[in-house]
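All ligand and atom numbering here is 1-based and tracks the order in the structure. Just the heavy atoms: all of them, side chains too, but no hydrogens, waters or symmetry mates, feed the values below.
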Amino acid sequence: MKIILLGAPGAGKGTQAQFLKQKFNIPQIATGDMLRSAVADKSELGIKAKKFMDDGQLVPDKLIIDLVKLRITEHDCKNGFLLDGFPRTIPQAEAMRDEGININVVIEIKVPDQTIIERLSGRRIHPASGRIYHITNNPPKNEGFDDTTDEPLITRSDDTEETILKRLGAYHRETEPLINFYSSWANQNTDTRPIFFSIDGSLKAIEINNILSDKIS
Ligand code: AP5
Ligand code: MG
């Protein structure tokens with residue numbers, strides 16, 4: 001099972017990925033998480049990516065495509081994977097198609113821009129596990145601490161209002177065209193076509209999860 005989660009910053013890709021990776025027993029490949037860990041390690045990739053991420057812009061395609069190509073050759077991807085935050089541009093989607101990587105399901109999570117700022121300004125994360133919380137929608141049991149490890153939660157450095165607006169701009173400009181790319185492909189009469197559907201991301205996280213579980217089997 002190869003799944004792509006498409007959606008604006010804060011649409012709930014990471015939140016739904018946590019359900020789906022368990023349901024299908026496939027790894028979550030979250031390019032944002034991979035880049036943040038490269039930044040923390042001060043690796044060559046991290047140093048190159050940091051300035052784009054801090055500015056709410058996309059990291060250049062070449063860096064990301066190489067990163068994902070390498071990641072999906074790892075052993076845990078042999079039964080499939082869940083792509084969260086990739087592809088994010090037409091060249092990234094074309095690179096995957098040209099490599100012959102056939103995707104089974106593409107899910108667009110749709111959320112109005114007004115909801116995004118409220119969601120991202122209240123988000124808290126546990127960096128080591130990727131667990132995602134929200135101060136009111138999905139609070140941890142102990143304020144400021146992870147439910148499982150009791151380690152401190154952090155606010156992502158790109159979750160400031162100024163950077164959120166830039167990330168939304170990049171989404172509309174560069175990622176939204178992928179909706180047409182995949183929905184048109186889904187309507188073609190080819191063996192490689194994916195299933196494409198959109199889901200209302202303003203529903204409760206658990207409701208979205210139930211709908212996804214019904215739709216994908
Ligand atoms: P990335 O980490 O992918 O960030 P993003 O796309 O901006 O998306 P987010 O992780 O912010 O949101 P999400 O949809 O996962 O929402 P979440 O589930 O956390 O990328 C970061 C940066 O890396 C990019 O800006 C770019 O620079 C670079 N990058 C990454 N991939 C790249 C690529 N392929 N190409 C180029 N550059 C790339 O939920 C958000 C909040 O809402 C949480 O608090 C959650 O609890 C809450 N919430 C979730 N669902 C619901 C719900 N249904 N109802 C109420 N609250 C909810
Ligand atoms: Mg995410």
Is the closest basic N to carboxylate O distance between Asp158 and Arg167 below 4.0 Å?
-> yes
For Ile103 and Val106 the tightest heavy-atom approach is CG2-CG2, 3.9 Å
Min heavy-atom dist Gly56 to ligand 1 below 4.0 Å | no
Which of the atoms in ligand 1, numbered in the order shown and given with their element, are less than 4.0 Å from a heavy-atom of Gly14?
-> 13 (P), 15 (O), 18 (O)
Answer with yes or no whether Leu203 contacts ligand 1, where contact means a heavy atom under 4.0 Å from a ligand atom.
-> yes
Just checking, is any N or O donor in the side chain of Ser202 or Asp200 under 3.5 Å from an acceptor N or O on the other one?
-> yes
Does ligand 1 have any atom that is closer than 4.0 Å to a heavy atom of Glu207?
-> no
Do me a favour and list the nearest non-hydrogen protein atom to atom 43 (C) of ligand 1 with residue, atom name and distance?
-> Ile132 CG2, 3.5 Å
Test item, Gly10 contacting ligand 1 (heavy atom, 4.0 angstrom) | yes
Could you name the option among Lys204, Lys13, Arg156 that has the heavy atom nearest to atom 4 (O) of ligand 1?
-> Arg156
Considering Arg167, Arg88, Arg36, which one's heavy-atom position lies nearest to atom 6 (O) of ligand 1?
-> Arg88
May I ask which of Arg119, Gln18, Met34, Lys51 has a heavy atom nearer to atom 47 (C) of ligand 1 than the others do?
-> Arg119
Just by modelled atom types, is the Ala11 backbone N or O under 3.5 Å from a matching donor or acceptor in the Arg119 side chain?
-> yes
Give a yes or no on whether a salt bridge exists between Glu99 and Lys69, defined as a side-chain N under 4.0 angstrom from a carboxylate O.
-> yes
For atom 35 (N) of ligand 1, the option (of Gln92, Lys166, His134, Gln16) bearing the nearest heavy atom | Gln92
Carboxylate-amine/guanidinium proximity below 4.0 Å for Lys62 and Asp66 = yes
Per-atom filter on ligand 1: closer than 4.0 angstrom to a heavy atom of Gly201 are 53 (N)
Residue, atom and distance of the protein heavy atom nearest atom 19 (O) of ligand 1 read Arg123 NH1, 2.6 Å
Considering only NZ, NE, NH1 and NH2 on the basic side and carboxylate oxygens on the acidic side, decide whether Arg156 and Asp33 come within less than 4.0 Å.
-> no
Is Gly85 close to ligand 1, meaning an N/O of one under 3.5 Å from an N/O of the other?
-> yes
Return a yes/no value for Gly12: is any of its N or O atoms, backbone included, closer than 3.5 angstrom to an N or O of ligand 1?
-> yes
N/O to N/O below 3.5 Å, does that happen between Ala205 and ligand 1?
-> yes
Please indicate whether any nitrogen or oxygen in Ile208 is less than 3.5 Å from any nitrogen or oxygen in ligand 1.
-> no
The answer for which part of Asn137 has a heavy atom under 4.0 Å from ligand 1 is side chain
Got an N/O contact under 3.5 Å between Gly122 and ligand 1?
-> no
His172 and Asp113: side-chain donor and acceptor closer than 3.5 Å?
-> yes
Side chain, backbone, both or neither: which part of Tyr133 comes within less than 4.0 Å of ligand 1 when only heavy atoms are counted?
-> backbone
Verify side chain to side chain contact (heavy atoms under 4.5 Å, CB included) between Ile107 and Ile4, making sure each step is shown before the conclusion.
-> CA-CA 6 Å; Ile107 303 160; Ile4 291 178; over 6 Å; no
If you scan protein heavy atoms around atom 37 (N) of ligand 1, the nearest is Val59 N, 3.0 Å
Which bit of Ser202 gets closer than 4.0 Å to ligand 1, counting heavy atoms only: side chain, backbone, both or neither?
-> neither
With a 4.0 Å cut-off, would you call Lys13 and Asp84 a salt bridge?
-> no
re atom 26 (C) of ligand 1, the protein heavy-atom contact at minimum distance is Gln57 O, 3.6 Å
Sub-4.0 Å atoms of ligand 1 with respect to non-hydrogen atoms of Ala8 | 14 (O)
Would you mind reporting whether Pro27 and Leu82 have side-chain heavy atoms less than 4.5 Å apart?
-> no
Could you tell me whether Ile64 approaches ligand 1 through its side chain, its backbone, both or neither, with non-hydrogen atoms closer than 4.0 Å?
-> side chain
Non-hydrogen atom of Ala17 closer than 4.0 Å to ligand 1 = no
Met53 and ligand 1 - part of the residue with a heavy-atom distance under 4.0 Å = both
Checking heavy-atom distances from atom 29 (N) of ligand 1 to each of Leu35, Thr15, Thr31, Asp54, the winner is Leu35
Any luck finding a side-chain donor-acceptor pair between Ser184 and Asn187 under 3.5 Å?
-> no
Do the charged groups of Asp147 and Arg131 touch, with an N to O distance under 4.0 Å?
-> no
Are there more than 12 heavy atoms of other residues, nucleotides or ligands under 6.0 Å from atom CD of Gln188?
-> yes
Do any heavy atoms of Gly7 fall under 4.0 Å from ligand 1?
-> no
Is Asp146 reaching over with its side chain to a backbone N or O of His126, donor-acceptor style, under 3.5 angstrom?
-> no
Do the rings of Phe181 and Trp185 sit parallel, tilted or perpendicular, given the 30° and 60° boundaries?
-> perpendicular
